[in-house]
Amino acid sequence: MIKKYKSLILILLVTFFSSSIAGYVTRINLDPWYQSLNRLPISPPDWVFAPVWTTLYAFMSIAIWIVYEKTKVSEPSFSKKIIKIYFYHLVINLTWSFVFFYYHLIFAAFINIIFLIIAISILMFLYLPRSKISFILMVPYLLWVIFASVLNFGLYLIN
């Protein structure tokens, strides 16, 4: 029983470790740069981001785990491929925090987020024939990142 969940625990650890790095980079670079930016009227308050991202990281971890577990015996080469794609996607996700908050490159961060949307879409496309639940778990993530891309581009335009 516990052996089945080892892969989930590992995926959760890697995903939330990546999240903690992104969160740290964000937190230490909020003041004074980010706080001085003009923001769009649709920008959520800062406190919204942590619970939303925590939920999204949990959803995306469960989504990849379901697909990985379903395919590791029936499609072993696919299961290795999909887990690599997932971890590459996490790198793209993490990179955004550095580009935006650490380097203050708003337009480059927008380009980064476009690559993230593509990576999420690829994962969803690969998940769909194998697990509709995994696909559905990724929908809020994709929608949130699309919303984040609108905010990112808006910040570029008004600053």
Can you list every pair that meets salt bridge (charged side-chain N to carboxylate O under 4.0 Å, His left out) and has a residue in residues 96-125, with sequence neighbours left out? none
List in chain and number order the residues that pass side-chain contact (heavy atoms from CB on, under 4.5 Å) with P32, two or more places apart in sequence or in another chain; answer none if no residue qualifies. none
side-chain contact (heavy atoms from CB on, under 4.5 Å) against Y24, all qualifying residues, sequence neighbours excluded: R27, I28
Apply the test side-chain contact (heavy atoms from CB on, under 4.5 Å) to residues Y57 and L90: give CA-CA distance (whole Å), side-chain angles for both, the deciding distance (0.1 Å), then the verdict. CA-CA 10 Å; Y57 279 117; L90 279 181; 4.3 Å; yes
Give the C-alpha distance, both sets of side-chain angles, the deciding distance and a yes or no for side-chain contact (heavy atoms from CB on, under 4.5 Å) between T26 and L30. CA-CA 6 Å; T26 301; L30 280 176; 4.2 Å; yes
In terms of hydrophobic clusters joined by side-chain contacts under 4.5 Å, are L128 and I120 together? yes
Taking side-chain hydrogen bond (donor to acceptor under 3.5 Å, both in side chains) as the cut-off, I'd like each qualifying pair that reaches into residues 108-129, sequence neighbours left out, listed once. none
Do the side chains of F98 and N29 get nearer than 4.5 Å, heavy atoms only? no
Should F101 and V48 be regarded as members of a common hydrophobic cluster, given that ILVMFWY residues are connected when their side-chain heavy atoms come within less than 4.5 Å of each other, either directly or indirectly? yes
Applying side-chain contact (heavy atoms from CB on, under 4.5 Å), can you list everything that pairs with A108, at least two apart in sequence or on another chain? V99, L105
When hydrophobic residues are tied together by side-chain contacts of less than 4.5 Å, even through go-betweens, does I42 share a cluster with L155? yes
Do the side chains of I21 and Y88 join up, straight or via other hydrophobic residues, at under 4.5 Å, putting them in one cluster? no
Spacing of CG belonging to L37 relative to NE2 belonging to H104, to within rounding of 0.5 Å: 8.5 Å
Should F100 and I111 be counted in the same cluster of Ile, Leu, Val, Met, Phe, Trp and Tyr side chains packed under 4.5 Å apart? yes
With salt bridge (charged side-chain N to carboxylate O under 4.0 Å, His left out) as the rule and sequence neighbours excluded, what pairs involving residues 31-56 come up? R39-D46
In chain order, what residues pass the side-chain contact (heavy atoms from CB on, under 4.5 Å) check against T55, with sequence neighbours excluded? F59
What donor-acceptor contacts under 3.5 angstrom involve side-chain atoms of residues 10-19, with partners at least two apart or in another chain?
from	atom 1	to	atom 2	distance (Å)
T15	OG1	I11	O	2.8
T15	OG1	S61	OG	3.2
T15	OG1	Y86	OH	2.7

Quick note, side-chain hydrogen bond (donor to acceptor under 3.5 Å, both in side chains) partners involving residues 73-82, not counting sequence neighbours, are E75-R130
Quick one: ring-ring contact (aromatic ring centres under 6.0 Å, His included) partners of Y102, sequence neighbours excluded? none
Pair up each side-chain donor or acceptor in residues 133-153 with any protein partner under 3.5 Å, not counting sequence neighbours, and list the distances.
from	atom 1	to	atom 2	distance (Å)
S134	OG	A63	O	2.7
S134	OG	S131	OG	3.1
Y141	OH	H89	NE2	2.7
Y141	OH	N93	ND2	2.9
S149	OG	I146	O	2.6
N152	OD1	W96	NE1	2.8
N152	OD1	F110	N	3.3
N152	ND2	I106	O	2.9

Could you go step by step and tell me if L123 and I82 meet the side-chain contact (heavy atoms from CB on, under 4.5 Å) rule? CA-CA 8 Å; L123 284 169; I82 196 70; 3.9 Å; yes
Between the main-chain N or O of N159 and the side-chain N or O of N38, is there a donor-acceptor pair closer than 3.5 Å? no
Output for pair (L8 CG, Y5 OH), nearest 0.5 Å, gives 8.0 Å
Could you list the residues that satisfy side-chain hydrogen bond (donor to acceptor under 3.5 Å, both in side chains) with E69, not counting sequence neighbours? S7, K72
